[in-house]
There are 2 protein chains.
Amino acid sequence: MDKKIFEMHAEICKVFTNPKRLEIISLLRDGEKTVNDLTELAGVPQANVSQHLTVLRQNNVVTTRRNGANIYYKIANPKILQACDLMREVLLEKLAENEELVKRML
Amino acid sequence: MDKKIFEMHAEICKVFTNPKRLEIISLLRDGEKTVNDLTELAGVPQANVSQHLTVLRQNNVVTTRRNGANIYYKIANPKILQACDLMREVLLEKLAENEELVKRML
DNA sequence: AGGAAAGATTCATATATACGAATATTCATA
DNA sequence: TATGAATATTCGTATATATGAATCTTTCCT
């Protein structure tokens, strides 16, 4: 029944399992950027940025707009950022917990 | 700088890239359940459920409590459910869009 | 038209993941 | 302490993913 939804959900989540893609998403947080912008900001080879952008585009995480030779990428749905933020919070809370644990052991 | 955070974030997200794990998470939504419960509800071989629970446990997505021969699993942090829900909303919105597209083509 | 800049694609390879099958561990109870 | 029920682990294999290198496409400018 819901199985199909779980499969699609899992598929989408694969987009977020690569650190470079997460960095790109983060870089797009406050507005659209060109491939070149992203390449420089992330410090990753252009071809690789492009490969990741393809994945993001195919999964409707970003949308594009062409302006001359440049292509601007932006986040398609703000809820995606919210979801990323929540996961990051979970992560940071866990890190904080572990830090306390370490402190208590000294 | 943030690179390390992005790596950890990506690592955590890997937990959500398997449909069976998402189903298990969904089954735990309204309270703790034993491995047996989950096995029956999901209709997946016990060993496989156990493998997925191991992944969930190792990534602090679930916590466990033993009671006799049974082990109860539950979601560790409600924010995880929130994040899952948000992603599912994004997914459903996209599906709705596509449905409209198809309709307009008839 | 020709060249350069911006971006995308293809391919090969290395690495990770999922799952079934078989086996092991843990606990309760007779 | 032997047995059965509940759960976990290990291993082999098939499949997916990430990345560098090389190549291609599109657009702009002269």
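Order of the sequence lines sets the chain letters (A, B, ...), proteins ahead of strands, with each chain counted from 1.
Side-chain contact check for A:Leu22 versus A:Asn18: every heavy-atom pair is 4.5 Å or farther apart. Side-chain atoms of A:Phe16 and A:Met87, non-hydrogen and from C-beta on, never get closer than 4.5 Å to each other. Looking at heavy atoms from C-beta onward, A:Arg21 lies in side-chain contact with A:Val55 at the 4.5 angstrom threshold.
A:Gln51 places its CD atom 16 Å from the C1' atom of C:dA6, with the value rounded to the nearest Å. The distance between atom CG of A:Leu56 and atom P of C:dT9, rounded to the nearest whole Å, is 13 Å. Taking atom CG of residue B:Leu53 and atom P of nucleotide D:dT9, one finds them 11 Å apart after rounding to whole Å. The distance from atom OH of A:Tyr72 to atom P of D:dT26 is 21 Å, rounded to the nearest whole Å. Protein atom CG of A:Asn48 is 12 Å distant from nucleotide atom C1' of D:dA21, rounded to whole Å. Nucleotide D:dA6 holds its C1' atom 12 Å from the CG atom of B:Asn67, rounded to whole Å. Atoms CD (B:Gln46) and C1' (C:dA22) sit 13 Å apart, rounded to a whole Å. Atom CZ of A:Arg65 is separated from atom C1' of C:dA6 by 15 Å (rounded to the nearest Å).
For the OP1/OP2 pair of C:dG7 and a distance below 4.0 Å, the side-chain nitrogens and oxygens of A:Asn36 include at least one atom meeting the criterion. Between C:dT17 and B:Asn18, no contact under 4.0 Å exists linking OP1 or OP2 to a side-chain N or O. In this structure, B:Lys14 does not reach the C:dA16 phosphate: none of its side-chain N or O atoms is under 4.0 Å from OP1 or OP2. Between B:Tyr73 and D:dA6 there is no side-chain polar atom (N or O) within less than 4.0 angstrom of OP1 or OP2. OP1 or OP2 of C:dG7 has not a single side-chain nitrogen or oxygen of A:Arg66 nearer than 4.0 Å. Between A:His52 and D:dT17 there is no side-chain polar atom (N or O) within less than 4.0 angstrom of OP1 or OP2.
Both A:Ala47 and A:Gly68 lie close to DNA chain D; mapped to their nearest nucleotides by heavy-atom distance, the more 5′-ward contact belongs to A:Ala47. Between A:Asn70 and B:Val55, it is A:Asn70 whose nearest contact on DNA chain C lies nearer the 5' terminus.
Residue-level contact check: A:Thr34 touches the backbone only, with heavy atoms under 4.0 Å from sugar-phosphate atoms and none from bases.
Side-chain proximity of B:Thr54 to D:dA18, C:dA8, D:dT9: nearest is D:dT9.
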After noting the C-alpha distance and the side-chain angles of B:Asp37 and B:Thr34, does the key distance pass the side chain to side chain donor-acceptor pair (under 3.5 Å) rule? CA-CA 5 Å; B:Asp37 292 341; B:Thr34 68; 3.2 Å; yes

For the pair B:Asp85 and B:Gln82, evaluate side chain to side chain donor-acceptor pair (under 3.5 Å) and give the outcome as yes or no after the intermediate values. CA-CA 5 Å; B:Asp85 288 346; B:Gln82 285 180 51; over 6 Å; no

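Here C:dA30 sits opposite D:dT1 as a Watson-Crick or G-U wobble pair (both hydrogen-bonding atom distances under 3.5 Å).
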